[in-house]
Amino acid sequence: MTSQDSTSTLAPTRPLLFERAEPSTMTERAERLYTCLNKRRSVRFFSEDPIPLDVVRTAIQTAGTAPSGAHKQPWTFALVTDPALKRRIREAAEQEERETYDHRMSDEWRAALAPIGTDAHKPFLETVPALIVVFRKDYDLDAQGERSKNYYVQESVGIATGMLLAALHHAGLGTLTHTPSPMNFLAKLLDRPANERAYLLIPVGYPSETCKVPDFTRKSLSEILVEY
Ligand code: IYR
């Protein structure tokens with residue numbers, strides 16, 4: 001028996017249809033993507049200008065191509081553009097964030113955030129044209145309410161979210177990975193089923209004309225790569 005032998009539970013297979021590119025083409029593609037993604041920054045000042053929502057939908061479709069444990073695809077992406085809902089999300093997020101900044105954060109954490117200058121004030125949650133709430137599904141629920149477990153959910157949803165951020169940036173939109181904590185108000189406000197837990201809140205829009213970002217540098221390749 002090999003894993004390629006047919007059994008009753010094995011999924012049908014098809015040829016991969018993979019085309020090898022010339023090494024020079026591969027280098028060019030790798031460098032072009034690096035140059036593009038190296039320009040991505042967390043945006044905290046957004047324009048109120050409308051954005052093409054189909055671009056966002058396609059980016060979400062791209063996120064959905066991520067690998068996942070046992071191909072369970074344990075994610076849901078909620079796209080929120082309704083102004084009243086955005087306002088309620090802002091209010092609830094700021095309430096949690098005030099508690100976090102005033103009481104829950106350790107002094108060490110507060111010091112780590114000081115250079116970024118964040119606080120509990122999150123006006124962009126209301127003014128940005130779109131919010132994407134990423135939900136993780138630790139289990140699936142069938143129509144009868146039966147649970148089936150998902151696997152490596154943290155890893156799977158993390159990879160999908162990374163692909164989403166890359167796709168949105170590549171398409172020309174700014175994003176923020178926002179983590180109001182705890183985030184359970186999001187499942188409540190969006191009326192999500194019991195198996196969905198908020199993973200990340202991502203404001204999406206054009207950066208404002210006057211948007212500034214911390215003048216950070218990234219670690220060099222030699223600092224993040226060890227070769228054996
Ligand atoms: N969730 C808070 C705090 C925060 C935490 C980290 I770690 C950051 O890199 C940035 C912010 C907030 O969004 O303000």
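Atoms within each ligand, like the ligands themselves, are counted from 1 in listed order. Because the structure is predicted, anything quoted here is derived from the model rather than measured.
- In terms of modelled atom types and a separation under 3.5 Å, the side chain of Lys86 and the main chain of Leu131 share no donor-acceptor contact.
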Open item on the list: Could you walk me through whether Asn38 and Arg218 satisfy the side-chain hydrogen bond (donor to acceptor under 3.5 Å, both in side chains) test, starting with their C-alpha distance in whole Å, then the side-chain angles of each, then the deciding distance to 0.1 Å, before giving a yes or no?
Closed with: CA-CA 9 Å; Asn38 194 28; Arg218 293 194 157 104; 3.0 Å; yes
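- Between the side chain of Arg41 and the main chain of Pro214, a donor-acceptor pair closer than 3.5 Å is present.
- To the nearest 0.5 Å, atoms CZ (Arg197) and CZ (Phe135) are separated by 12.0 Å.
- Proximity to Trp109 (heavy-atom distance under 4.0 Å) selects the following atoms of ligand 1: 5 (C), 7 (I).
- Close approach of ligand 1 to Met105 (heavy-atom distance below 4.0 Å) involves ligand atoms 3 (C).
- Considering backbone and side-chain N/O of Arg44, none are found under 3.5 Å from N/O of ligand 1.
- Contact atoms of ligand 1 toward Thr179: 1 (N) (distance under 4.0 Å to a heavy atom of the residue).
- The protein atom (non-hydrogen) at minimum distance from atom 2 (C) of ligand 1 is Glu97 OE2, 2.9 Å.
- Under 3.5 Å, the side chains of Ser222 and Ser220 contain a donor-acceptor pair of N or O atoms.
- Among protein heavy atoms, atom 3 (C) of ligand 1 sits closest to Tyr101 OH, 3.4 Å.
- For ligand 1, the atoms sitting less than 4.0 Å from at least one non-hydrogen atom of Lys122 are 12 (C), 13 (O), 14 (O), numbered in the order shown with element in parentheses.
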- [ ] Could you walk me through whether Arg192 and Glu196 pass the salt bridge (Lys or Arg N to Asp or Glu O under 4.0 Å) test, one step at a time?
- [x] CA-CA 6 Å; Arg192 300 311 306 162; Glu196 294 189 11; 2.7 Å; yes
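- For atom 11 (C) of ligand 1, the nearest non-hydrogen atom from the set Leu113, Thr100, Ile116 belongs to Leu113.
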